[in-house]
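What's counted below: heavy atoms across the whole structure, side chains too, no hydrogens, waters or symmetry copies.
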Amino acid sequence: MRILVLGSSGFLGEHTVQHLRAVPGAQVLIGGRSPAADVHIDLATAGVAQLADTLGALRPDTVVNCAGAVGGSSLALAGTNARGPAALCAALGEAAPTARLVHLGSAAEYGASGQGLALTESSPTCPFSVYGATKLAGTLAVTNSGLDAVVLRVFNPIGPGSPASSLPGRLAGLLRDAERGSAVQVGDLSAYRDFIDARDVAQAIVRATIATAPLPPVLNVGSGTAKPVRAVASGLAQLAGFGGRIDEDGVGSTRSPAASRAWADITTTVSALDWRPRYSFPQSLADLWAAATGKPVGTLRPAHGST
């Protein structure tokens, strides 16, 4: 099986490549802007004809699109998150119409959970931010392409390698570098989010890649529970032995700022992919802290079922 992974240098992309390379018989090819990529592909700027020529030469059985922009201007977000998937689908339709496309979407496409209920794949999409709107545009391009395609709508990924652009990654860096008794400044932590370990996301991608049966057009990838964002701060502070203050009057996330509570219903995903999250929230935090500091904090058992 020849698998082309786009966006492999990102947080989820790196975990995805690692997991796909463990699949027996898989030949994993890297496409992206990095000099280390097997083939140079920039979805934000590449023309459909150029992409089609590249895909025709590679002849992939599956394309996994982890490429995405989480910040920057509206133009940059639209280029990567909306135009990119649309161009990719058009090129696949020309050059590799039988290949499966596994595309990463975002929970920001939904907005907030309504009436205290978990978000299902059929819940209304009402994004609050440019990021969420551009991710939704990318999802619509994929689901209306006519290809053998599935969008994995990822909730809040966490775990080793969390980038500084995410709250968990930023907090880990701030706490690692904080002086004793100092204050760490973050944004409002009152929201509730569905945190899912990046390694569980990668395993869902593997399952979607190797599945032989047709898949639903959209599948939620989350833990199935909502946790207070403050639990990330308090958990990392405990791991750091931090005794200072965590001030919440800084700048917060712009991805879904108006969503006070959002979490996934993963019933359809569990059934379609025979997949469940394995890493517990404490283990994800511990491994994030260990990766950020180079100081292991012990091993916890992966959770069985939802975290």
Side-chain angles (χ1 to χ4, degrees), residues 7 11-13 15-16 19 64-66 68 70 81 85 100-129 131-144 148-159 166 191-211 213-227 229 253 255-256 259-281 284 303-307:
F11 175 40
L12 294 178
H15 284 286
T16 296
H19 281 69
V64 178
N65 184 25
C66 300
V70 298
N81 298 339
R100 170 166 288 172
L101 172 61
V102 180
H103 174 74
L104 297 194
S106 169
E109 298 169 35
Y110 288 119
S113 297
Q115 300 179 341
L117 300 175
L119 291 159
T120 70
E121 290 83 359
S122 60
S123 293
T125 49
C126 186
F128 296 129
S129 64
Y131 169 74
T134 58
K135 289 297 291 184
L136 178 58
T139 287
L140 291 174
V142 172
T143 56
N144 287 281
D148 176 11
V150 59
V151 175
L152 301 184
R153 203 167 258 161
V154 181
F155 278 64
N156 294 79
I158 194 172
S166 70
Y192 282 68
R193 293 289 184 266
D194 186 332
F195 293 100
I196 177 72
D197 195 284
R199 294 163 292 189
D200 283 324
V201 176
Q203 191 56 39
I205 293 169
V206 169
R207 294 299 182 94
T209 299
I210 65 176
L215 295 173
V218 177
L219 291 171
N220 286 337
V221 179
S223 71
T225 60
K227 285 183 167 52
V229 176
S253 171
R255 297 188 207 176
S256 52
S260 62
R261 188 181 295 260
W263 74 100
D265 182 322
I266 59 173
T267 305
T268 302
T269 309
V270 169
S271 174
L273 299 183
D274 189 24
W275 165 93
R276 285 184 180 274
R278 296 186 64 245
Y279 288 90
S280 69
F281 181 68
S284 297
H304 296 283
S306 299
T307 57

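Interatomic distance, OG of S284 versus CD1 of I196, reported as 7.5 Å (0.5 Å rounding). Rounding to the nearest 0.5 Å gives a distance of 3.5 Å between OG of S106 and OH of Y131. Atom CG of N81 and atom CG of L104 lie 11.0 Å apart (nearest 0.5 Å). Here L215 contributes atom CG and T268 contributes atom OG1; the two are 11.5 Å apart, rounded to the nearest 0.5 Å.
V270 meets the side chain to side chain contact (heavy atoms under 4.5 Å, CB included) test with I266, R276; sequence neighbours excluded. Legend: residues meeting side chain to side chain contact (heavy atoms under 4.5 Å, CB included) with A107, ordered by chain and number and at least two apart, are F155.
R153 has its side chain within reach of T139: a pair of non-hydrogen atoms, C-beta onward, lies under 4.5 Å apart. The closest side-chain heavy-atom distance from W275 to V221 is below 4.5 Å. Contact check for V201 versus H15: no side-chain heavy atoms found under the 4.5 Å cut-off.
Between D200 and R278, no side-chain nitrogen of the basic residue sits less than 4.0 Å from a carboxylate oxygen of the acidic one, so the salt-bridge criterion is not met.
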Using residues 119-128 as the side-chain source, report each donor-acceptor pair under 3.5 Å to any protein atom, sequence neighbours left out, with the distance given to one decimal.
| from | atom 1 | to | atom 2 | distance (Å) |
| --- | --- | --- | --- | --- |
| T120 | OG1 | S122 | N | 3.3 |
| T120 | OG1 | S122 | OG | 3.1 |
| T120 | OG1 | S123 | N | 3.4 |
| T120 | OG1 | S123 | OG | 3.4 |
| E121 | OE2 | N220 | N | 2.8 |
| S123 | OG | T120 | N | 2.9 |
| S123 | OG | T120 | O | 3.2 |

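Heavy atoms only, all atoms of each residue included: A208 and V150 are closest at CB-CG1, 4.2 Å.
The residue from L136, V218, T134, L140 that alone fulfils the side-chain contact (heavy atoms from CB on, under 4.5 Å) condition with E109 is L136.
At least one donor-acceptor pair closer than 3.5 Å links the side chain of D194 to the backbone N or O of A264.
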